[in-house]
K.L.:
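What follows is a single structure, and I will ask about it in a moment.
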Number of protein chains: 2
Amino acid sequence: MKNNITIKDVAKQAGVSISTVSRVINDSKPVTDEVKQKVLDVIKETGYIPNPLARSLVTKKSQLIGVIVPEVSDSFVNEILNGIEEVAKMYDYDILLANTYSDKEQELKSINLLRAKQVEGIVMISWIVEQEHINYMQNCGIPATYISKTARDYDIYTVSTSNKKATFDMTKYLIDKGHEKIAFIMTSKDDTILEMERLAGYEEALEQNNIKLDKNLIKYGGTEYENGYQSMKELLDEGIIPHAAFVTGDEAAIGAINAICDAGYRVPEDISVAGFNDVKIAKMYKPKLTTVHQPLYDMGAVAIRMVIKLINKEILDNKKVELPYKIIDRESVIERK
Amino acid sequence: MKNNITIKDVAKQAGVSISTVSRVINDSKPVTDEVKQKVLDVIKETGYIPNPLARSLVTKKSQLIGVIVPEVSDSFVNEILNGIEEVAKMYDYDILLANTYSDKEQELKSINLLRAKQVEGIVMISWIVEQEHINYMQNCGIPATYISKTARDYDIYTVSTSNKKATFDMTKYLIDKGHEKIAFIMTSKDDTILEMERLAGYEEALEQNNIKLDKNLIKYGGTEYENGYQSMKELLDEGIIPHAAFVTGDEAAIGAINAICDAGYRVPEDISVAGFNDVKIAKMYKPKLTTVHQPLYDMGAVAIRMVIKLINKEILDNKKVELPYKIIDRESVIERK
DNA sequence: CTGAAAGCGCTAACAA
DNA sequence: TTGTTAGCGCTTTCAG
């Protein structure tokens with residue numbers, strides 16, 4: 001019943017030595033066709049599967065790549081995960097998953113855990129990348145790439161899109177549509193690099209168009225629906241009715257839309273709303289969300305390909321890959337009359 | 001830099017034998033406090049991490065559980081995944097992920113792959129469970145639980161909710177709201193057990209309320225947004241305007257809503273729509289989706305706890321766990337006047 | 001081309 | 001309580 005067949009059994013049954021069997025399953029050294037066939041037959045017959053544990057133990061290759069995510073059920077995350085998974089499979093790697101709930105402690109723990117499991121590389125998806133983690137990671141010398149909304153100038157492998165430029169573009173897009181009083185609702189706590197960059201993009205666009213920055217229009221929340229809802233509600237409760245709201249995350253943007261509607265305004269007729277990421281729901285929602293498209297699947301695919309290359313000691317020409325974003329013009333933003 | 005420290009190094013440095021080191025790290029046999037402390041110190045100093053591969057090789061326990069899913073980015077799936085992940089961590093298991101895209105071949109392959117990786121158990125999320133897989137799985141004698149919308153009477157461990165009853169209840173709910181012409185849009189191809197059960201629930205509710213079954217109101221699609229959209233569109237194009245639509249999946253339900261709106265009708269004023277699963281988006285959408293709540297997170301949690309128990313040879317009183325569902329009364333269904 | 005033997009890092013008898 | 005030793009299943013020299 002169970003897979004107790006070992007290389008020994010195969011060897012015995014085929015009347016050869018275990019090394020010969022090893023050779024045929026790995027194609028590592030020449031073996032007479034005749035013998036080879038014999039071994040192959042026995043393998044098929046017995047249903048023998050080499051034990052990768054034993055193999056890994058000697059080769060020091062586990063064919064495992066660890067993936068650390070803040071939360072599997074976040075759509076930003078799981079679309080990336082799809083890309084990771086698929087490419088991993090192509091290269092015969094398996095994915096070891098670790099959820100951190102954005103907890104710093106947990107992230108560190110996960111790194112350890114994965115390391116212990118002998119993963120050959122790690123892809124880390126994290127909202128906020130911290131020097132501490134990087135040091136830690138680099139110390140253990142395990143190939144890693146980061147997918148993070150922050151492309152800060154840490155000396156690490158990252159795949160991302162240009163936040164500043166994307167934010168600038170979307171803001172400008174909004175301005176071009178006639179909006180001036182543009183709320184800016186961010187999806188992470190203040191003071192991270194990410195926010196700095198985005199804020200910079202936002203401010204720059206405003207400035208270039210001679211719109212005075214109004215700090216009251218800026219809110220910090222989280223990536224979730226509820227956060228967006230909350231931030232928008234606060235704004236409205238403060239009596240601020242913007243022409244448009246730019247929310248740097250789609251789920252939060254949808255939250256914001258709902259807050260707007262609950263307050264008795266219409267989207268986009270009264271207030272336009274733009275999102276960020278172009279997550280699956282973005283095109284399912286009504287109104288369909290105008291947003292910044294990030295190639296989530298590709299980001300995952302690229303990231304893992306990078307660590308695989310790293311594992312194979314290939315040289316990457318770039319530590320930082322920036323994938324192109326695109327503004328997706330849908331229904332939640334309209335021209336302001 | 002790298003984690004090359006082995007048990008030997010620790011032993012040498014602590015001036016003890018490797019077995020002693022093994023004992024302290026596993027707490028398996030009494031060791032003098034003094035010696036123990038010494039060893040612990042050295043471990044801390046060197047940053048030694050036991051190699052689980054080597055350990056697994058001898059203990060035959062990999063601390064790995066395989067999870068096979070149709071697609072990570074499906075919200076039904078990833079909410080379950082969250083539950084799985086969390087409980088796994090509690091029990092010190094790691095998750096090996098395999099995506100199948102609902103491909104039968106791929107599912108079989110994944111089982112093999114995971115098996116090869118020495119997983120101790122498998123949780124399988126699959127739309128359709130097939131006898132072939134079950135046989136295969138049972139043949140390799142590896143503990144497994146299935147999370148599937150079908151609770152068919154296979155002799156396997158499953159966690160699910162009662163489809164028939166849930167469908168019945170929701171249909172009845174719709175009828176009680178004054179709807180008679182109720183479209184029934186299913187999220188999988190015809191002829192699976194799942195559909196049979198659901199259909200039975202639907203038909204029964206109709207019958208009990210003296211509503212004649214109209215086959216034209218029944219459509220088969222898939223779980224995705226597009227599928228729901230498509231099915232609904234077809235219906236409308238055929239000139240059938242139902243009072244309500246019951247779509248057995250939230251994303252598809254949202255697709256249906258969009259199709260309805262695109263055709264110039266309003267939800268829920270003209271047509272009510274009900275979903276199934278109560279996925280994250282269900283409460284984000286506008287109108288908020290009236291749906292059958294399935295405890296996704298819990299389903300994952302329960303499923304993996306079951307396989308862990310199975311792994312530990314504990315006896316489960318029930319092969320089949322049915323978790324309670326609940327009708328969530330939100331905005332997409334209203335009383336018909 | 002093939003086999004014998006060493007050893008990957010660890011656990012678990014078995015002695016001492 | 002501790003050390004010695006024999007493997008776990010496999011790859012990989014090294015002889016032949």
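In what follows, chains carry the letters A, B, and so on, assigned in the order in which the sequence lines appear, proteins first and then strands, with residues in each chain numbered from 1.
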K.L.:
What is the minimum heavy-atom distance between A:Ile156 and A:Lys320, and which atoms define it?
P.N.:
O-NZ, 2.9 Å
K.L.:
Looking at A:Ser17, I'd like to know whether one of its side-chain N or O atoms comes within less than 4.0 Å of OP1 or OP2 on C:dT2.
P.N.:
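No, because none of the side-chain N or O atoms of A:Ser17 sits under 4.0 Å from OP1 or OP2 of C:dT2.
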K.L.:
Using the rule given for side-chain contact (heavy atoms from CB on, under 4.5 Å), can you reason through B:Met124 versus B:Glu107, listing the C-alpha separation, both sets of side-chain angles and the distance that settles it, and then say yes or no?
P.N.:
CA-CA 9 Å; B:Met124 179 136 178; B:Glu107 277 181 4; 3.4 Å; yes
K.L.:
For A:Tyr136 and A:Asn112, does a side-chain donor sit closer than 3.5 Å to a side-chain acceptor?
P.N.:
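Note: A:Tyr136 and A:Asn112 side chains meet the donor-acceptor criterion.
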K.L.:
How many angstroms lie between atom OH of A:Tyr48 and atom CG of A:Leu40, to the nearest 0.5 angstrom?
P.N.:
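Nearest 0.5 Å value for the OH-CG distance: 12.5 Å.
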K.L.:
How long is the line joining CD of B:Glu34 and P of D:dT1, in whole Å?
P.N.:
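It is 13 Å, rounded to the nearest whole Å.
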K.L.:
So how far off straight is the helix from C:dC1-D:dG16 to C:dA16-D:dT1, going by the axes through five pairs at either end, to 10°?
P.N.:
40°
K.L.:
Looking at D:dT1, D:dG3, C:dT2, which one has an atom nearest to any side-chain atom of A:Thr32?
P.N.:
C:dT2
K.L.:
For atom NZ of B:Lys319, is the number of surrounding heavy atoms from other residues, nucleotides or ligands below 6.0 Å larger than 12?
P.N.:
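Counting other residues, nucleotides and ligands, NZ of B:Lys319 exceeds 12 neighbours.
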K.L.:
Can you measure B:Ile43 atom CD1 to C:dG9 atom C1' for me and round it to whole angstrom units?
P.N.:
14 Å
K.L.:
Whether B:Asp27 and B:Lys36 form a salt bridge (side-chain N of Lys/Arg under 4.0 Å from carboxylate O of Asp/Glu) is what I want to check.
P.N.:
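Between B:Asp27 and B:Lys36 there is a salt bridge, with a charged N closer than 4.0 Å to a carboxylate O.
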K.L.:
If you measure from the Lys or Arg side-chain nitrogens to the Asp or Glu carboxylate oxygens, is any gap between B:Lys109 and B:Glu105 under 4.0 Å?
P.N.:
no
K.L.:
Please report, rounded to the nearest Å, how far the P atom of C:dC1 is from the CG atom of A:Asp27.
P.N.:
13 Å
K.L.:
Using a 4.0 Å heavy-atom cut-off to protein, can you give one letter per nucleotide of nucleotides 8-16 of chain D, 5' to 3': B if the base is in contact, S if only the sugar-phosphate is, - if neither?
P.N.:
BBBBBB---
K.L.:
Run the salt-bridge test on A:Lys60 and A:Glu120 with the 4.0 Å N-O cut-off and return the result as yes or no.
P.N.:
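Looking at A:Lys60 and A:Glu120, the cut-off is not met.
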